[in-house]
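Written below as structure tokens is the structure these notes are about.
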Amino acid sequence: MGVTKEDVEAAITSSLSPSHLAVTDTSGGCGASYEIEVVSEKFEGKRLLERHRMVNTALAPHMAEIHAVSIKKALTPTQAQPQQPPPEPEPEPAADKAQA
């Protein structure tokens, strides 16, 4: 067979110790194409390109059998936290329209 989803998960887990990892086989089961979302403290202080390289390095032993890898998210734990919406502004008091 090819590379399994579990192989991809194990390679990334051993290299990046992610707090969140989602691997989706987008090849229809043959193991040739994957989408990856990963959250890791090891990404702190790294630019996006460096983060992608870290994921690709973790997968290097399997890349000969993988046709495509799409890294959808490579975030730090802080970036992965949901953003709080800003508080809504207080409504301004209506002007007195009693003047006619």
Carefully, step by step, assess Val55 and Phe43 under the rule side chain to side chain contact (heavy atoms under 4.5 Å, CB included).
CA-CA 10 Å; Val55 173; Phe43 292 149; 4.0 Å; yes

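- By the 4.5 Å heavy-atom criterion applied to side chains, Ile66 and Val8 are counted as neighbours.
- Here Arg51 contributes atom CZ and Leu75 contributes atom CG; the two are 6.5 Å apart, rounded to the nearest 0.5 Å.
- Side-chain atoms of Lys5 never come within 3.5 Å of backbone atoms of Tyr34 as a donor-acceptor pair (strictly under, hydrogens ignored).
- Counting heavy atoms from C-beta on, the side chains of Ser40 and Thr76 never come closer than 4.5 Å.
- Here NE2 of His62 is found 9.5 Å from CD1 of Ile12. Values are rounded to the nearest 0.5 Å.
- Distance alone, capped at 3.5 Å, places no donor-acceptor pair between the Asn56 side chain and the Arg53 backbone.
- Shown here for Ser27 and Cys30, the closest heavy-atom pair between the two residues is OG-N, 3.2 Å.
- Of all the heavy atoms in Arg47 and Glu50, the pair that sits closest is N-OE1, 2.9 Å.
- Atom NE2 of His20 is surrounded by more than 12 heavy atoms from other residues, nucleotides or ligands within 6.0 Å.
- Note that CD of Glu9 is 9.5 Å distant from CD1 of Ile36, once rounded to the nearest 0.5 Å.
- When atom types are taken as modelled, the side chain of Glu44 and the backbone of Glu41 share no donor-acceptor pair closer than 3.5 angstrom.
- Once rounded to the nearest 0.5 Å, the distance linking CG of Leu21 with NZ of Lys73 reads 13.0 Å.
- Under the 4.5 Å side-chain heavy-atom criterion for Ile, Leu, Val, Met, Phe, Trp and Tyr, Val39 and Met54 are members of distinct hydrophobic clusters.
- Closest heavy-atom contact between Ala74 and His52: CB-CD2, 4.2 Å.
- With contacts defined as side-chain heavy-atom distances shorter than 4.5 Å, the pair Met63/Val69 qualifies.
- When atom types are taken as modelled, the side chain of Thr26 and the backbone of Ser33 share a donor-acceptor pair closer than 3.5 angstrom.
- Annotation: the span from Ser15 atom OG to Lys42 atom NZ amounts to 6.0 Å, rounded to 0.5 Å.
- No donor-acceptor pair closer than 3.5 Å links the side chain of Ser70 to the backbone N or O of Lys72.
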